Chemist: 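Sending over a structure as structure tokens; questions will come in a sec.
This is a predicted model, so every value here is computed, not measured.
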Amino acid sequence: MELQGLHGQVVDRIGGSLAAGELRAGDVLRLEDVQERYAVSRTVAREAVRVLESKRVVTSRPRIGVTVRPMSAWNLYDPQVIRWRLASPGRAAQLRELAELRAAVEPAAAALAAGLAGQGVRQELIAHAQALTSAARDGDSEGLVAADAAFHRVLLAASGNGMFAQLAEVTEELLKARRDLLLLPERLDTAAVRRHLDVAEAVAAGRRAEAAEAVRSIVESARDEVERLLDGDATLA
């Protein structure tokens with residue numbers, strides 16, 4: 001197997017152990033431990049540690065080893081870190097944090113987009129909203145997640161705020177998690193789906209307050225759905 005695949009697997013396995021609490025803050029691994037535990041070469045182990053350092057989940061120092069950092073120090077916006085947390089026993093907390101982040105950021109992004117977006121953005125938003133509507137009508141969860149993620153990616157980018165735009169990856173991980181963890185309701189909220197078109201129209205017309213309110217309604221509805229489904233499934237709470 002090629003090096004990229006090997007060290008990527010090691011990164012994922014260590015990251016999953018970290019998120020699950022099997023490796024705790026302050027725990028120390030030697031590079032030799034990584035080699036032995038995952039049956040890889042020193043080169044692969046070193047590259048895996050380098051990737052983990054880039055995500056701020058560990059630090060590596062000569063004669064000390066690889067030390068696990070507390071979760072508060074991790075790059076919690078890293079999509080791979082988000083996936084590790086969503087696959088862990090603490091997935092409910094991660095879902096709630098993601099939903100709260102969206103509720104705080106996306107209405108502001110929509111208001112900014114309404115003041116900046118041109119015709120091209122309007123057309124993109126409408127196209128994604130229409131694709132979302134079709135997927136919801138057809139019960140196509142894959143298409144629904146793809147269209148929803150694309151809609152919010154365009155909206156966040158249209159805000160003109162580069163930091164908002166980079167949160168699109170975070171939003172996409174949340175949407176995928178709702179699908180993969182079966183946190184989409186059996187009967188989709190068609191009103192919430194339609195509100196995506198309301199957002200597109202408000203952005204196109206430059207109605208900042210209306211755009212923000214429509215997005216706030218979407219993300220708060222999604223957050224409430226997740227809460228209801230978590231409350232009804234003890235395995236996720």
Side-chain angles (χ1 to χ4, degrees), residues 1-102 104 141 145 149 166-184 222-223 225-237:
M1 188 177 295
E2 62 184 31
L3 178 62
Q4 177 69 26
L6 276 173
H7 89 254
Q9 288 182 35
V10 174
V11 168
D12 248 350
R13 290 177 66 184
I14 295 176
S17 295
L18 291 167
E22 296 164 5
L23 292 170
R24 300 179 180 276
D27 285 353
V28 176
L29 290 172
R30 295 177 305 146
L31 205 58
E32 292 80 5
D33 296 330
V34 177
Q35 288 178 251
E36 182 177 348
R37 180 178 297 189
Y38 302 104
V40 294
S41 70
R42 191 173 186 84
T43 300
V44 171
R46 187 182 293 113
E47 181 62 16
V49 168
R50 186 193 65 77
V51 173
L52 292 166
E53 282 188 284
S54 74
K55 299 177 187 297
R56 305 203 303 268
V57 299
V58 301
T59 57
S60 179
R61 295 182 181 176
R63 296 186 297 278
I64 295 176
V66 181
T67 305
V68 178
R69 304 183 73 184
M71 188 178 290
S72 59
W74 298 5
N75 179 5
L76 298 179
Y77 293 95
D78 185 294
Q80 193 170 23
V81 173
I82 291 170
R83 288 195 292 274
W84 294 338
R85 294 184 69 196
L86 288 170
S88 78
R91 61 177 62 88
Q94 173 68 111
L95 283 164
R96 290 187 173 106
E97 288 179 11
L98 289 170
E100 288 164 1
L101 179 65
R102 287 189 73 196
S141 62
V145 168
Q166 289 195 11
L167 288 176
E169 288 184 291
V170 174
T171 295
E172 187 166 358
E173 290 303 326
L174 173 58
L175 296 172
K176 288 178 179 177
R178 290 191 64 194
R179 177 197 64 204
D180 296 342
L181 295 173
L182 305 181
L183 290 175
L184 290 172
R223 183 184 60 193
E225 281 179 355
V226 168
E227 287 290 346
R228 284 195 298 271
L229 289 162
L230 285 173
D231 289 343
D233 190 338
T235 65
L236 290 170

Chemist: Under a 4.0 Å threshold between the charged nitrogen and the carboxylate oxygen, would Glu227 count as salt-bridged to Arg223?
Modeler: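 So Arg223 does not pair with Glu227 through a salt bridge.
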
Chemist: Tell me whether the count of non-hydrogen atoms from other residues, nucleotides or ligands lying under 6.0 Å of CD in Glu32 goes above 12.
Modeler: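 Atom CD in Glu32 is packed in, count exceeds 12.
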
Chemist: Take Lys176 and Glu172 through the test salt bridge (Lys or Arg N to Asp or Glu O under 4.0 Å) and record every step on the way to the result.
Modeler: CA-CA 6 Å; Lys176 288 178 179 177; Glu172 187 166 358; 3.6 Å; yes

Chemist: For Arg42, is the CZ atom crowded, meaning more than 12 foreign heavy atoms sit under 6.0 Å from it?
Modeler: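 It does: Arg42 CZ has more than 12 such atoms within range.
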
Chemist: Is there side-chain contact between Leu175 and Arg102, with heavy atoms separated by less than 4.5 Å?
Modeler: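 When only atoms from C-beta onward are counted, Arg102 and Leu175 do touch, with a gap below 4.5 Å.
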
Chemist: Would you indicate whether the side-chain heavy atoms of Val40 and Gln9 approach each other to under 4.5 Å?
Modeler: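 They are not in side-chain contact.
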
Chemist: Measure the shortest side-chain to side-chain distance between Arg37 and Arg13 over non-hydrogen atoms and say whether it is less than 4.5 angstrom.
Modeler: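 With C-beta onward as the side chain, the pair stays apart.
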
Chemist: What pair of heavy atoms forms the shortest contact from Val66 to Ser60, and how long is it?
Modeler: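 The pair with the smallest heavy-atom distance is CG2-OG, 4.2 Å.
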
Chemist: Is the shortest side-chain heavy-atom distance between Trp74 and Leu18 below 4.5 Å?
Modeler: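 With C-beta onward as the side chain, the pair touches.
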
Chemist: Answer whether the closest heavy-atom distance between the side chains of Gln94 and Leu76 falls below 4.5 Å.
Modeler: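 SC-SC contact between Gln94 and Leu76 ruled out.
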
Chemist: Return the CG to CG distance between Leu86 and Leu98, rounded to the nearest 0.5 Å.
Modeler: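 Here the interatomic distance stands at 6.0 Å.
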
Chemist: I'd like to know if Glu53 and Arg50 make a salt bridge, using a cut-off of under 4.0 Å between side-chain N and carboxylate O.
Modeler: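 Looking at Arg50 together with Glu53, the answer is no, because their closest N to O distance does not fall below 4.0 Å.
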
Chemist: Please check if atom CD in Gln166 has more than 12 non-hydrogen atoms from other residues, nucleotides or ligands closer than 6.0 Å.
Modeler: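 No, not enclosed.
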
Chemist: Between CD of Gln35 and CG of Leu31, what distance do you get to the nearest 0.5 Å?
Modeler: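 So the gap between those two atoms works out to 5.5 Å.
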
Chemist: From Leu52 CG over to Thr59 OG1, what is the distance, rounded to the nearest 0.5 angstrom?
Modeler: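 Separation between the atoms: 11.0 Å.
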
Chemist: Might you point out which heavy atoms bring Arg56 and Arg69 nearest each other, and give the distance in Å?
Modeler: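 Minimum heavy-atom contact is O-CD, 3.1 Å.
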
Chemist: Spell out, as yes or no, whether a donor-acceptor pair under 3.5 Å connects the side chain of Asp33 to the backbone of Arg30.
Modeler: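 Yes.
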
Chemist: Rounded to the nearest 0.5 Å, what separates atom CD1 in Ile14 from atom CG in Leu29?
Modeler: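 Rounded to the nearest 0.5 Å, the CD1-CG separation comes out at 6.5 Å.
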
Chemist: Rounded to the nearest 0.5 Å, what's the gap from OG1 on Thr67 to CG on Leu23? Could you check?
Modeler: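 Thr67 OG1 to Leu23 CG: 11.5 Å, rounded to 0.5 Å.
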
Chemist: Between Ala48 and Val10, which heavy-atom pair has the shortest distance, and what is it?
Modeler: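 So the minimum-distance heavy-atom pair works out to CB-CG1, 3.7 Å.
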
Chemist: For Trp84 and Lys55, work out which heavy atoms get closest and say how close.
Modeler: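 Result for this residue pair: CH2-CD, 3.8 Å.
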
Chemist: If you round to the nearest 0.5 Å, how far is CG of Asp78 from CD of Glu173?
Modeler: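 Output value for this atom pair is 9.0 Å.
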
Chemist: Check the pair Asp12, Gln80 against side-chain contact (heavy atoms from CB on, under 4.5 Å), reporting the backbone distance first and the verdict last.
Modeler: CA-CA 8 Å; Asp12 248 350; Gln80 193 170 23; 3.1 Å; yes

